[in-house]
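Counting starts at 1 for both ligands and their atoms, following the listed order.
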Amino acid sequence: MEDCTVAGFHVPSGTRLLVNLWKLQRDPNVWHNPSDFMPERFLNGHANIDVRGQDFELIPFGSGRRICPGITFALRALHLVLARLLHGFVWGTVGDKAVDMSESPGLRYIVVFHPLDGSSNIDCGVSIGTIFGIYLVKDQDNPTVDDVLQPGKNLVAVGYCTYGSACTASYVTRTRSTSIEHSKSFQRISSAYIRICIAFYNLNWFWSVTPRCHKFSRHYFFLSKKLDLASSSLPFDRRSSYVVDFPCTDLVPGKIHEQSPVFLGSYDDVEEIKALYAAAK
Ligand code: HEM
């Protein structure tokens, strides 16, 4: 190694150089409004940029001898991942608010999974059918378990990994509100129906199915402070509070995987559970 001069600066041999990529890739002399999210800039002025280390104004994979060796794999996998995400989720923001793109170090958001239709899916690597919620971390420099033990009203978003648009549409046309009345259909209601409502909620179509929920909510919801036999917790609570006159979204879980005291099922099932609890008392 030898001493050298770069842009008028003398660099002695053995100097450790750190290249500030963040600054380099946000140079206002090169990039118009560099901090704005403008993907179309790669269709216009910067259409011919080669991210494979050839054009130094944008080198996300580095450059030269130590350039990222995973570059080919990454560029192909990215399309697949993006396509899967767009296909599998309905995307939107809460209240159609713009996404805050400002950057800061630390953990801003935390993801929670539905205890029945979420975390168990994730445990066995099945993402489809997973219901999740997102909370803001209270102190992003110091995340704690309390950040996931927040009430439903604090959720900034809930989501559901759909089977696909066609399958969701088939549920839209079917309502079980009459045929479930005396049947043993707890599973059907607790998983399928709830997930449909959450999917609807995300699509802002929720209100269109709410009257149907009301129709059977008087009988089929049963509240208990103590018991944890059935049904689920967050983010389900966010939806159920629209259905029953109970402030589900105010409930604060005491521990991870705690069941909410809200029961949802067919008439017979709920009656059976009520009888069980009455007997236990
Ligand atoms: C979008 C995805 C990726 C980005 C943006 C990225 C970016 C980078 C960057 C900036 C470097 C440092 C280059 C330098 O020091 O000049 C690097 C190094 C490296 N990357 Fe990636 N990378 C990605 C995906 C991958 C994948 C998928 C693999 C492996 C399958 C991978 C394996 C590596 C390895 C082994 C190094 C170290 C190379 C060395 O030090 O010689 N990367 N990557």
Practice item. Supply the atom-to-atom distance Asp146 CG to Ile110 CD1, rounded to the nearest 0.5 angstrom. Key: 10.5 Å
Answer yes or no: is there a side-chain heavy-atom contact under 4.5 Å between [X] and [Y]?
X      : Y      : value
Leu24  : Glu57  : no
Val30  : His46  : yes
Leu149 : Tyr135 : no
Thr72  : Arg52  : yes

Protein contact to [atom] [nearest heavy atom, distance to 0.1 Å]:
atom                    : result
atom 33 (C) of ligand 1 : Pro69 CD, 3.5 Å
atom 29 (C) of ligand 1 : Gly70 CA, 4.0 Å
atom 6 (C) of ligand 1  : Phe61 CD2, 3.5 Å
atom 30 (C) of ligand 1 : Phe73 CD2, 4.0 Å
atom 24 (C) of ligand 1 : Ala74 CB, 3.8 Å
atom 15 (O) of ligand 1 : Arg66 O, 3.6 Å

Review point. Out of Ala77, Cys68, Gly62, Pro60, who gets a non-hydrogen atom closest to atom 20 (N) of ligand 1?
Key: Cys68
**Study point:** His32 atom NE2: more than 12 heavy-atom contacts under 6.0 Å
**Key:** no
